[in-house]
Asker: 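Can you keep this structure in mind? I'll have questions shortly.
As the structure is a prediction and not an experimental result, all values here were calculated from the model.
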Amino acid sequence: MVNYQSMPESEKIRHLKKQADSAARFIKQYSHVCLVTHNDSDGLTSAAIMIQAFQRESITYYHKIFPKLDASLVSVLASSYPEDFLIVFCDIGSGQSEFLSALPNPMVILDHHVPVGKSPAKVVVNPITVGLEGSYMISGAGVSYLTARAMRAENVDLSSLAVAGMIGDRQLMVAANAEILAEAKEAGVVVSRHGLKVGDGKLFDVFMRTTEPYLDITGKPDEIRSFLAGLNLDENKNIHDLSDADMNRLCDAVLAKLAPLDSPDAVEAAAGEIYYLKNQLVENVFDLAGILDSCSKDDDFEAAIALCLGDASVLDKCFENYRMIQETLVKNLETVLPTARQLSNLSYIYGKDLHSAGNISTTYIRYVNPSKPFVCLNENDGVTRISSRGTRGLIKQGLDLSVAVKIAAESVGGSGGGHNIASGGLLPPGNETAVAFMNKLNEIVGEQLSGNSKKSAPAVRISGSVCFVDETDSEIEEKLSEKLVVSLAPDNLYGTKTTIRDGCSEVFMESDKIGSVLSTADDLLMNADGAVRVKKASEKNDEK
């Protein structure tokens, strides 16, 4: 596909910022907003960013935090707020168009997950609609930050929270993320140094409770002391206070332990740039991301938001909870990881009331066996929760967990989705259902990795296209047709592709239903006609 996919990365980012500008203008029209965010560290930093943006605009806000959106939660929203309230979704909402369509309220979606269906939102800001990858090029907090930054320039200080969201979502500092990081450094709210990507603390304590990286010495006192003594490092010294030479020696030793895995993802996660957030109560970004993640696990969302808003009264409580969860996780991993089962294309663990399935999945794929996708199935509260992980190498081979998990989960009466590299969902409880799900998922992943993946979209039987042609010299010089289709962004609709050539731009539509093609074409032409009318009216005013 041409259009966004053929554009340079900088152009894609520019179009994403245009979406954010539109969202900012739309939000500022409202005096009352309901903010709905995801409950993980990325969603919580998104919330903190938007709350401060609302406060600076004197917008009254109400905040809801959900692990997922379904019909019942949407019904709660519909009955809780007047129809003239704007609802802003952060780090959630792209995959729930069917449910959100029941809301009478105007909506804005600030998200980075894969869009499903035609969104009912008035404005959508999503990197995927402009050809950027949402799983590692920008997080939900990054999308929220771009929108807040568009609301007013002083919101550049919120970029530190966006960086925390990126780290919490395990993203890379590339593309839009890199631009946001550069803004944060230029504003002086983030500084960095090279080192081990861990939180602050005494060296001994760090290796006792840290699972990123997860090493053969993690949680083992005698092995840790021997390891540090061999590097001539004082176990009681704070890692933050290490000299550059000592830090480099420590990083080299850790990477040497990871070398046999041949896992680029593990190496990238273990060592590199450490970011210090100079305008946050918790400066080390890995500590802040970890604290927010622990708050999410304990449903202590108020403390998480308060911490990001600068409330020092919750600091000790948050740190203590974070350390307890880290220690519990280390003990849990030692017990759970050896129980992994092997299928031809997948590794998986199935258990009940497991502690932190997401961390189990990430640890296994990075530090135990990165050669196959991994799934953790955790049965509790009457459902089985799915947490799946891949690697960037597997993605290059064709893996797409967002598609695979969705199809496999729905085949047994569940639901799922997310990113190509990390996806989740829910299943009915029971071993029989779990086995059926894993067998189906194993089949789909095998097809993906072999290049024989079946299309998840319906069989296309009807197609059509709308072509915009630059006819006059001024239109050709101005590239009017190109500007028109780019501004309308038809590629965020299922089954559409846009091709831009010299002098004309064509939007191709396909579906298994003629009504879908006709309605898409009608919407496109109506919006295009409106855009042309506005342009002509503007030109007449300029002539006067």
Side-chain angles (χ1 to χ4, degrees), residues 41 164 167-168 170 192-261 263 266-277 280-295 297-298 315-338 355-356 359-360 362-364 366-368:
S41 56
I167 295 299
R170 295 180 170 87
S192 66
R193 70 172 292 195
H194 183 81
L196 207 60
K197 293 182 175 180
V198 296
D200 288 340
K202 295 178 180 180
L203 283 169
F204 178 81
D205 294 338
V206 166
F207 285 101
M208 277 296 293
R209 64 172 181 253
T210 299
T211 59
E212 283 276 19
Y214 186 75
L215 307 172
D216 56 355
I217 64 172
T218 299
K220 301 172 182 176
D222 292 341
E223 285 87 338
I224 291 171
R225 290 193 171 99
S226 176
F227 173 72
L228 294 174
L231 296 173
N232 196 28
L233 294 174
D234 181 356
E235 67 179 60
N236 293 311
K237 190 165 188 176
N238 193 303
I239 192 169
H240 178 72
D241 296 328
L242 291 181
S243 67
D244 288 344
D246 285 346
M247 181 68 88
N248 289 337
R249 194 162 70 256
L250 178 62
C251 287
D252 289 344
V254 168
L255 294 179
K257 284 184 169 293
L258 296 176
L261 285 173
S263 171
V267 170
E268 189 278 330
E273 292 299 299
I274 311 167
Y275 304 109
Y276 296 95
L277 317 176
Q280 298 299 319
L281 290 174
V282 180
E283 285 198 1
N284 184 300
V285 73
F286 298 101
D287 277 332
L288 180 55
I291 286 172
L292 297 180
D293 187 54
S294 65
C295 287
K297 289 179 175 61
D298 278 2
L315 189 57
D316 290 342
K317 170 190 173 183
C318 287
F319 258 117
E320 182 61 27
N321 185 47
Y322 169 45
R323 289 169 183 141
M324 287 178 59
I325 284 182
Q326 280 187 305
E327 291 169 4
T328 302
L329 178 59
V330 169
K331 295 175 183 177
N332 187 54
L333 288 172
E334 188 176 355
T335 302
V336 171
L337 292 181
H355 178 78
S356 189
N359 287 102
I360 291 172
T362 298
T363 302
Y364 193 94
R366 280 186 178 167
Y367 304 110
V368 180

Asker: Is a donor on one side and an acceptor on the other found under 3.5 Å between the side chain of N238 and the backbone of D200?
Answerer: no
Asker: Using every non-hydrogen atom in the two residues, find where L258 and A266 come nearest and quote the distance to one decimal.
Answerer: CD1-O, 3.9 Å
Asker: Search all heavy atoms of C295 against all heavy atoms of N321 and return the closest pair with its distance.
Answerer: N-ND2, 4.3 Å
Asker: So with a 6.0 Å cut-off around CG of N232, is the heavy-atom count from everything else above 12?
Answerer: no
Asker: Decide yes or no on side chain to side chain contact (heavy atoms under 4.5 Å, CB included) for F227 and L250, but give the supporting numbers first.
Answerer: CA-CA 10 Å; F227 173 72; L250 178 62; 3.9 Å; yes
Asker: In plain terms, say whether R249 and D252 are close enough for a salt bridge, that is, a side-chain N and a carboxylate O under 4.0 Å apart.
Answerer: no
Asker: Measuring from L329:CG to R209:CZ, what's the distance to the nearest 0.5 Å?
Answerer: 12.5 Å
Asker: Flag the pair S356 / N332 as yes when at least one side-chain heavy-atom distance between them is below 4.5 Å, and no otherwise.
Answerer: no
Asker: L242 versus K237: any side-chain heavy-atom pair under 4.5 Å?
Answerer: yes
Asker: Does V198 reach the side chain of F286, with side-chain heavy atoms less than 4.5 Å apart?
Answerer: no
Asker: Applying the side-chain hydrogen bond (donor to acceptor under 3.5 Å, both in side chains) criterion to E268, which one of K197, R366, R170 satisfies it?
Answerer: K197
Asker: Please determine which of T210, D216, T218 meets the side-chain contact (heavy atoms from CB on, under 4.5 Å) test together with Y214.
Answerer: T218
Asker: Just so I know, are the side chains of F207 and V330 near enough to count as touching, which here means a heavy-atom distance under 4.5 Å?
Answerer: no
Asker: Regarding R193 and D244, does a basic nitrogen lie under 4.0 Å from an acidic carboxylate oxygen?
Answerer: yes
Asker: To the nearest 0.5 Å, what is the distance between CG (D287) and CZ (F319)?
Answerer: 4.5 Å
Asker: Going by heavy atoms in the side chains, are Y276 and V285 under 4.5 Å from each other?
Answerer: no
Asker: Begin from the C-alpha positions of V282 and L277 and carry the test side chain to side chain contact (heavy atoms under 4.5 Å, CB included) through to its verdict.
Answerer: CA-CA 7 Å; V282 180; L277 317 176; over 6 Å; no
Asker: Rounded at 0.5 Å granularity, tell me how far CG in L228 sits from CG in D234.
Answerer: 9.0 Å
Asker: Taking all heavy atoms of I217 and all of K257, pick out the closest pair and write down the distance.
Answerer: CG2-NZ, 3.9 Å
Asker: Check L255 against A270 and note the closest heavy-atom contact, atom names and distance.
Answerer: CD2-CB, 4.3 Å
Asker: Would you call L288 and E283 a side-chain contact if the rule is heavy atoms closer than 4.5 Å?
Answerer: no
Asker: Minimum heavy-atom separation for Y367 and A269, please, with both atom names.
Answerer: OH-CB, 3.7 Å
Asker: Report the distance from atom CD1 of I325 to atom CD of E320, rounding to the nearest 0.5 Å.
Answerer: 11.0 Å
Asker: For E334, I'd like to know if atom CD has over 12 heavy atoms of other residues, nucleotides or ligands within 6.0 Å.
Answerer: no
Asker: Testing the basics here: between V206 and G199, what is the closest heavy-atom pair and its distance to 0.1 Å?
Answerer: CG2-O, 3.9 Å
Asker: How long is the straight-line distance from OG of S41 back to CD1 of I291, given to the nearest 0.5 Å?
Answerer: 11.5 Å
Asker: To the nearest 0.5 Å, how far apart are CG in L315 and CG in L281?
Answerer: 6.0 Å
Asker: Is a donor on one side and an acceptor on the other found under 3.5 Å between the side chain of S226 and the backbone of D222?
Answerer: no
